[in-house]
Amino acid sequence: MIFRVQRYDPEKDQSSHFQEFIVFWKPGDTVLDGLMYIKENLDSTLAFRSNCRMFVCGSCAMFINGYPRLACHSQIEELDSKKLTVRPLPNFPIVKDLVPALDAVFDNHRAIKPYIIRHDTEEMEDPSAEFAQLPKELNEYAQFTHCIKCGICLAACPTFASARLFSGPQALAQCYRYIADNRDEGETDRAPLVSGDHGVWQCHLAGACSESCPKGVDPALGIQLLKRRLVRRTLRIGKKARPAPVVSPPTETKPKIPVPDFNVKR
Amino acid sequence: MRNNYLWLLHMVTGAIVVVLLGIHLVTLHPGGFLFIASKVDTVMGIFGLQTASAIRPGGGMSASVYIALLAFVLYHGIYGLRGIILEIAPSDGAGRIVTLSLIIIGIILFIGGFMSRLFFPQG
């Protein structure tokens with residue numbers, strides 16, 4: 001298999017260029033295996049990110065044959081191509097070779113306050129028990145918890161390609177994840193953060209984010225649900241849900257049959 | 001919060017424009033619609049209303065529909081244009097300049113349309 005890899009060394013190159021490598025592979029090998037083969041046997045200067053090798057960390061997100069994918073999740077055989085073109089994720093500055101600068105992903109994510117916000121600070125600082133949450137309440141946001149922050153959705157998003165100030169599908173979907181969590185009381189804090197000129201209203205519902213997500217998350221759905229929440233909030237319609245209460249300690253009950261006291265009396 | 005209202009208004013004006021455009025087309029192209037208009041007259045006559053004749057060119061309602069259509073189309077179109085331009089705006093400051101410019105253009109176009117309707121009524 002010919003691997004056509006985009007190379008760029010900021011210390012030496014004025015612009016990026018392509019370099020081809022012949023990689024020996026076997027069925028079951030992934031694109032990441034091919035890149036590791038190149039690095040170990042052909043060119044040790046090739047730079048790329050990888051970590052878990054089992055599509056749970058999101059480190060190896062790349063543009064493979066014109067589509068953003070995880071390299072560890074892309075089997076060479078399934079790509080069914082005589083030549084593999086591997087490029088860094090689009091819409092991000094390049095650090096080197098296949099390594100993009102993902103600051104926009106993490107900055108936008110951090111900006112939406114990605115943590116549970118509660119007003120009962122005493123319970124947050126010194127928790128006494130867990131918060132009660134029914135399975136159906138968990139299902140409201142469960143799929144959005146699968147996000148691994150790989151940046152593929154931002155690479156696929158046509159709005160983010162032109163509007164670099166756009167928050168992006170990852171941050172907006174995560175904002176919905178926390179707002180929809182019944183343990184959270186931070187909707188008032190987060191609503192102004194995503195209602196600006198470059199927030200949720202800049203999404204044109206292209207859907208490329210949902211199509212490309214390797215973990216099956218539907219960020220486009222999250223954004224639409226977030227819009228619905230904001231509209232209801234603006235029009236002051238809909239019931240305001242109560243936050244999840246702290247689970248009460250188990251009630252002590254008397255034993256149904258008299259149990260003798262087995263303690264030895266000294 | 002402001003953007004929530006602006007977007008909501010964009011959706012509402014879009015729906016209203018569809019209705020007002022339909023009425024506008026009926027009044028401007030009566031040939032195919034007079035039959036429908038006459039039937040509407042018959043129905044409305046039962047309730048003491050003469051809607052179809054009122055919305056024909058020269059009617060009082062015609063001017064109202066025209067002005068309303070002008071206002072809603074301008075808002076809907078300019079808000080959409082603002083969204084597209086803001087995508088390529090390099091900063092929030094540039095975005096504010098774009099917004100202000102489009103508001104001024106919208107007001108000028110509305111006044112121009114209003115005045116033309118006033119001095120050049122149809123029919």
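Throughout, protein chains are lettered first and strands after them, A, B, ... in sequence-line order, and every chain is numbered starting at 1.
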Original post:
So does A:His198 have more than 12 non-hydrogen atoms from other groups sitting under 6.0 Å from NE2?
Top reply: yes
Subject >> Which portion of A:Leu165 sits near chain B, non-hydrogen atoms under 4.5 angstrom >> reply: side chain
**OP:** Pick one of side chain, backbone, both or neither for B:Ser91, based on which atoms fall under 4.5 Å of a heavy atom in chain A.
**Re:** backbone
**OP:** Return yes when atom CZ of A:Phe131 has more than 12 non-hydrogen atoms of other residues, nucleotides or ligands closer than 6.0 Å, and no otherwise.
**Re:** yes
Subject >> Gap separating the CD atom of B:Glu87 from the NE2 atom of A:His204, nearest 0.5 angstrom >> reply: 3.5 Å
Original post:
Hey, does B:Arg96 have a side-chain heavy atom less than 4.5 Å from the side chain of A:Asp197?
Top reply: no
Original post:
Which atoms of B:Leu8 come close to chain A, meaning under 4.5 Å heavy atom to heavy atom: side chain ones, backbone ones, both, or neither?
Top reply: side chain
